[in-house]
Amino acid sequence: MPQDNSCCRVAYSCHRKRSSKVKKCACCWLSFVTLVSLLSLCWMYICLVMFNDRDDVNWRGFEVLKRWVNWFMAMVIISAVLTVYCVLLLLFALFQVALREPLNLHWLHKIFLFFGVIFITFGVTGISLKWPQEWLTVPVSLQATAPFLQFGAVGALTLLSLFVFQGFHTAKGKWSKFLIAVVFVVLSAAIFLCPLIIESPCLIEWTDLPEKPKLIGHRGAPMLAPENTMMSFERSITCGVIAFETDVQLSKERIPFLMHDQKKGFLKRTTNVKDKFPDEDFSHSANLTWEELQRLNAGESFLKTDPFRSVSQLSEEEKETARNQTIPSLDQLLVLAKQHNISVIFDLYSPNQENDTVDIVNTILSSGIDQSLILWLPPAGREYVNTTAPGFIQVYNNKSELLNKGGNHLNVKYSNLRTKEIREFRSSNISVNLWVVNERWLFSLLWCAGASSVTTNSCHLLKDLEEPDWVMAPRKYTIIWITVDIVSIMIMTGLYIFYRKTHCFSHRKGKEKKREITSAWNEKELSPFLATR
Ligand SMILES: *[C@@H]1O[C@H](CO)[C@@H](O)[C@H](O)[C@H]1NC(C)=O
Ligand SMILES: *[C@@H]1O[C@H](CO)[C@@H](O)[C@H](O)[C@H]1NC(C)=O
Ligand SMILES: *[C@@H]1O[C@H](CO)[C@@H](O)[C@H](O)[C@H]1NC(C)=O
Ligand SMILES: *[C@@H]1O[C@H](CO)[C@@H](O)[C@H](O)[C@H]1NC(C)=O
Ligand SMILES: *[C@@H]1O[C@H](CO)[C@@H](O)[C@H](O)[C@H]1NC(C)=O
């Protein structure tokens with residue numbers, strides 16, 4: 001269309017007067033703003049999906065610093081501010097481009113953007129170095145979000161197509177035009193067709209939806225009461241948990257008690273050991289007698305640090321009870337479990353597991369609890385346990401070990417099993433428990449996948465969930481995404497035709513007028529926001 005082309009060239013020439021160097025620079029900055037915005041959106045997404053494991057981040061921070069700080073919350077807030085800022089900047093920049101204004105970023109914005117890039121780089125490096133397995137959460141989350149992200153991407157693409165058409169028209173030379181066209185077509189095809197590779201356990205018929213996973217209280221109900229205290233386990237009973245999850249260690253006189261942290265400063269996070277024994281630095285559970293452990297308060301630190309930002313939901317009476325908690329013994333927990341017919345599953349982190357196993361098994365057997373209520377997890381003393389207490393249910397935390405030993409209870413981190421594996425295990429009657437599942441989206445996903453049970457911090461939230469967040473029949477999804485794609489293509493075609501018409505029309509007939517409008521815009525508020533001049 002030579003006629004159109006010439007008209008567009010005329011249109012371009014009227015902007016040519018501005019130095020091409022400035023224009024090139026502005027184009028670079030626009031690309032930079034776009035890039036940082038996309039980066040910050042991705043980073044925000046990562047933060048949000050890792051929210052499920054926020055307690056883990058803060059605990060790791062505590063391990064290093066020996067001080068409780070809600071690192072995760074700080075990171076989320078900074079990331080959210082950064083994301084909102086970048087996206088606003090991008091919107092204004094695009095707006096300005098749409099008005100054919102040169103983009104002169106203020107130096108402050110440039111500095112902030114660089115700060116953002118550095119912040120995200122630090123975050124990504126930190127996770128990769130200290131917590132690499134957490135990256136697996138991202139593909140898991142995509143199973144829940146991908147269909148909706150695709151709809152969002154199609155919407156964004158449709159809007160942005162207008163800028164692409166503009167760029168295409170104003171581009172100099174055949175090669176730049178060709179490049180813009182190819183990149184746009186490839187990107188659009190990828191976005192339009194990616195549902196072909198989207199897999200989600202929730203893309204199933206309602207009739208195929210498995211039974212709701214049972215709940216296991218992770219150290220009780222740690223959002224409603226101090227972790228690993230009797231109050232916490234009692235609260236979890238009201239959620240209808242099928243098992244108490246806890247951690248066992250042995251005191252000096254070999255009484256098993258419940259405490260998660262180990263090694264140096266193992267009592268510091270959850271008890272007032274600093275006040276009671278200011279001069280001692282305990283590094284091993286056997287450093288203290290049961291009588292000494294009993295003197296520690298295991299509830300005040302929960303009220304003080306508010307690790308889940310949930311203390312405000314507690315009544316005054318509950319706070320009073322929380323303030324009065326002590327470290328429980330395994331025996332106390334077994335009494336409660338026996339009374340309510342609830343199972344017990346625990347971790348044993350001791351360096352001398354086989355030795356501890358003997359004392360723990362003795363404690364369990366002498367408590368008189370039904371052996372089938374004990375879910376035995378520690379791998380070290382499994383042989384001994386099998387002969388001494390054959391009624392215990394053997395739970396494996398390793399797929400290959402489970403298959404080797406012919407077990408039928410598996411307990412692994414939620415990101416370590418793919419949907420296909422969960423379904424295979426379940427169809428061979430192997431029960432699958434996944435830890436630690438706190439957020440609804442994750443619980444919904446694992447519900448669709450068919451997990452038998454999950455270990456959770458938030459049993460009070462998950463117990464009320466009556467159905468997964470979403471379930472869609474595969475055929476219905478296919479119809480929806482194809483429709484969305486077609487509508488988008490139609491809108492884009494319309495925009496393209498509209499753009500070409502108005503673009504050339506305005507320059508053929510109203511070149512002068514247009515220039516007036518543009519210079520009028522120069523004076524408006526928009527420019528000072530972005531421009532130094
Ligand atoms: C605690 O126990 C460890 C290992 O048994 C021992 O090395 C350390 O000296 C003990 N510390 C105290 C304060 O008793
Ligand atoms: C706190 O515990 C002590 C001893 O265990 C008990 O005497 C007291 O009544 C408890 N207070 C509350 C408010 O539960
Ligand atoms: C305990 O619960 C199990 C199922 O979890 C059930 O089969 C059993 O009958 C219950 N026992 C008692 C004494 O209620
Ligand atoms: C599971 O056990 C096998 C040997 O039985 C071992 O090679 C593998 O490293 C274990 N995997 C994990 C995650 O512990
Ligand atoms: C699983 O259990 C069901 C019911 O208890 C039984 O019908 C089925 O044959 C079992 N499947 C396998 C693979 O053992």
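When a residue number appears, it is its place in the shown sequence, counting from 1. Every value quoted in this text rests on a predicted model; they were computed, and no experiment measured them. Because only heavy atoms are used, hydrogens play no part in the values below, and waters and symmetry mates are left out as well, while side chains stay in. Indexing begins at 1, ligand by ligand and atom by atom, following the structure's order.
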Inset, instruction - Return the set of residues passing side chain to side chain contact (heavy atoms under 4.5 Å, CB included) with L314 (not counting sequence neighbours), or none when no residue passes. - result: F302, E318, K319

Legend entry - Residues in contact with ligand 1, criterion: heavy atom under 4.0 Å: S283, H284, N287

Inset, instruction - Please confirm whether the backbone N or O of G265 pairs with a side-chain atom of K66, one donor and one acceptor, at under 3.5 Å? - result: no

Legend entry - disulfide (SG to SG under 2.5 Å) pairs, two or more places apart, involving residues 215-281: C239-C459

Legend entry - E227 vs R269, salt bridge (Lys or Arg N to Asp or Glu O under 4.0 Å): CA-CA, chis, key distance, verdict: CA-CA 11 Å; E227 68 173 58; R269 182 174 62 95; 2.9 Å; yes

Inset, instruction - Only counting residues at least two apart or in another chain, list the ones meeting side-chain hydrogen bond (donor to acceptor under 3.5 Å, both in side chains) with D347. - result: Y349

Legend entry - Numbered atoms and elements of ligand 3 in range of N341, under 4.0 angstrom, heavy atoms: 1 (C), 2 (O), 3 (C), 8 (C), 10 (C), 11 (N), 12 (C), 14 (O)

Inset, instruction - Mind checking the NZ-CH2 spacing from K252 to W290? Nearest 0.5 Å is all I need. - result: 15.5 Å

